[in-house]
Student: 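After the structure tokens below, expect a handful of questions from me.
Keep in mind that this is a model prediction, so the values were computed, not measured.
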Amino acid sequence: MLVVGDKRPAAALVPSPLGFNGPVIVTAMASIDGPGISVIGLFCAGRPDLSSANIGFVDPVRANATIGRLSSAGPQIMGEGKHIDEVVSLEQPLSLRLTCTRGKGQAQIRLEIDGNEVVVGVDPTPLTGPAGGLYFEYTKGGTVGIFDDFDMVPASRGN
């Protein structure tokens with residue numbers, strides 16, 4: 001189990017000690033504990049210095065899911081799922097799965113909750129970094145993201 005948070009608002013990428021270039025599947029159980037608006041998710045294709053990564057995250061309060069690219073220039077949204085509570089339960093902990101594949105010169109990033117796809121994003125300029133792991137962003141100090149059962153494995157191109 002890993003708990004992520006601090007006394008001040010922040011966004012955090014927590015990399016896995018293992019990295020894979022190419023298609024990857026990242027999974028974890030995730031929940032949020034504390035005040036304020038927070039999002040929780042996973043990332044893949046991150047550069048080793050974590051200056052950029054593809055992220056998939058859930059906002060349980062607003063019932064939205066997002067795929068994007070996080071970089072020093074700020075987030076670039078590549079896909080959004082609205083009203084996902086009509087498709088999946090947002091009762092925490094959430095069983096998250098982020099699948100990152102490449103083909104035809106672009107990357108496809110899919111986020112699932114409890115085995116149900118909630119958002120897909122396409123990156124026309126794919127990142128190639130090996131880093132993957134956990135993502136948590138929170139607006140109020142004292143809020144924590146709780147992750148358990150983390151796994152990251154290479155994926156076949158067809159996944």
Side-chain angles (χ1 to χ4, degrees), residues 2 4 10-16 20 22-33 36-47 50-139 143 145-159:
L2 178 67
V4 179
L13 293 172
V14 180
S16 167
F20 301 104
V24 67
I25 297 172
V26 185
T27 60
M29 298 298 290
S31 59
I32 299 168
D33 185 19
I37 297 170
S38 303
V39 298
I40 197 161
L42 305 167
F43 78 94
C44 64
R47 294 205 172 111
L50 302 180
S51 61
S52 64
N54 287 327
I55 56 174
F57 58 86
V58 178
D59 179 340
V61 173
R62 294 185 177 130
N64 294 334
T66 303
I67 297 288
R69 177 186 282 204
L70 190 63
S71 71
S72 59
Q76 175 187 354
I77 304 303
M78 296 182 285
E80 290 187 283
K82 305 273 188 192
H83 309 291
I84 62 172
D85 57 336
E86 295 173 3
V87 180
V88 297
S89 169
L90 293 177
E91 186 167 328
Q92 298 180 48
L94 302 170
S95 175
L96 302 178
R97 175 181 164 128
L98 186 69
T99 304
C100 305
T101 57
R102 288 187 221 138
K104 299 182 182 176
Q106 60 188 15
Q108 184 177 52
I109 303 99
R110 296 189 323 258
L111 181 64
E112 297 175 15
I113 299 175
D114 293 325
N116 296 297
E117 188 171 272
V118 292
V119 63
V120 175
V122 174
D123 187 348
T125 55
L127 297 171
T128 58
L134 311 172
Y135 176 73
F136 180 56
E137 183 175 346
Y138 51 103
T139 60
T143 301
I146 303 164
F147 295 91
D148 204 359
D149 296 331
F150 173 81
D151 195 20
M152 186 169 82
V153 297
S156 68
R157 295 199 183 275
N159 262 352

Student: Which residue pairs pass the ring pair (Phe, Tyr, Trp, His ring centres under 6.0 Å) test when at least one of the two sits in residues 84-121, sequence neighbours left out?
Tutor: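 As it turns out, there is no ring pair (Phe, Tyr, Trp, His ring centres under 6.0 Å) pair with a partner in residues 84-121 once direct neighbours are skipped.
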Student: Looking at every heavy atom in both F147 and G41, which two are closest together, and how far apart are they?
Tutor: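 Taking F147 first and G41 second, the nearest heavy atoms are CE2-O, 3.6 Å.
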Student: Drop me the distance from T99's OG1 to E117's CD, to the nearest 0.5 angstrom.
Tutor: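 Rounded to the nearest 0.5 Å, the OG1-CD separation comes to 8.5 Å.
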Student: CD1/I109 to OG1/T66 distance, rounded to the nearest 0.5 angstrom?
Tutor: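 Taking CD1 in I109 and OG1 in T66, the distance rounds to 12.5 Å.
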Student: Is there any ring pair (Phe, Tyr, Trp, His ring centres under 6.0 Å) pair reaching into residues 97-135, and which pairs are they, with sequence neighbours excluded?
Tutor: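 Applying ring pair (Phe, Tyr, Trp, His ring centres under 6.0 Å) to every pair that reaches into residues 97-135, excluding sequence neighbours, yields F57-Y135.
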Student: How long is the span from the CG atom in L111 to the CG atom in L96, to the nearest 0.5 Å?
Tutor: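 Between atom CG of L111 and atom CG of L96 there are 6.0 Å.
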Student: Looking only at heavy atoms, which two atoms of V153 and V24 are closest? And how far apart?
Tutor: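 It is O-CG2, 3.2 Å.
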Student: Any side-chain heavy atom of P60 sitting closer than 4.5 Å to one from I32?
Tutor: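 The answer is yes; the side chains approach within 4.5 Å.
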Student: Set out, in order, the CA-CA distance, both residues' side-chain angles and the distance that settles side chain to side chain contact (heavy atoms under 4.5 Å, CB included) for L98 and I67, then state yes or no.
Tutor: CA-CA 10 Å; L98 186 69; I67 297 288; 4.0 Å; yes
Student: Looking at L50, N54, L70, L134, which hits side-chain contact (heavy atoms from CB on, under 4.5 Å) with F43?
Tutor: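 In the set L50, N54, L70, L134, the residue that makes a side-chain contact (heavy atoms from CB on, under 4.5 Å) with F43 is L50.
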Student: Judged by atom type as modelled, is there a donor-acceptor pair below 3.5 Å linking the side chain of E80 to the main-chain atoms of N64?
Tutor: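 The answer is no, because no donor-acceptor pair under 3.5 Å joins these two groups.
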Student: Let me confirm one number: the CG-CD1 distance from L2 to I146, rounded to the nearest 0.5 Å.
Tutor: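 Rounded to the nearest 0.5 Å, the CG-CD1 separation comes to 10.0 Å.
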Student: Would a distance-only check, ignoring hydrogens and angles, find a side-chain to backbone donor-acceptor pair under 3.5 Å from T139 to I37?
Tutor: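 Confirmed, T139 side chain pairs with I37 backbone.
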Student: Roughly how far apart are I55 CD1 and L13 CG, rounded to 0.5 Å?
Tutor: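 Answer rounded to 0.5 Å: 7.5 Å.
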Student: Nearest heavy-atom pair of V119 and A65: which atoms, and what distance?
Tutor: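 Looks like CG1-CB, 3.8 Å.
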Student: Near D33 CG, under 6.0 Å, is it more than 12 heavy atoms from other residues, nucleotides or ligands?
Tutor: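 Incorrect, the count does not exceed 12.
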Student: Is there side-chain contact between R69 and T125, with heavy atoms separated by less than 4.5 Å?
Tutor: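 Sidechains of T125 and R69: in contact.
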Student: So which atom in S38 and which in Y138 form the shortest heavy-atom distance, rounded to 0.1 Å?
Tutor: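 Of all heavy-atom pairs spanning S38 and Y138, the closest is OG-CB, 3.4 Å.
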Student: Taking all atoms of both residues into account, what is the closest heavy-atom pair of D114 and S89, and its distance?
Tutor: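 Answer, listing the atom of D114 first, then S89: OD2-O, 4.2 Å.
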Student: Locate the shortest heavy-atom distance separating I25 from A155; write the atom from each residue and the value.
Tutor: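 Heavy-atom minimum between the residues: CG1-CB, 3.5 Å.
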Student: If you measure from CG on L90 to OG on S31, what distance do you get to the nearest 0.5 Å?
Tutor: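 Reported value, rounded in 0.5 Å steps: 13.0 Å.
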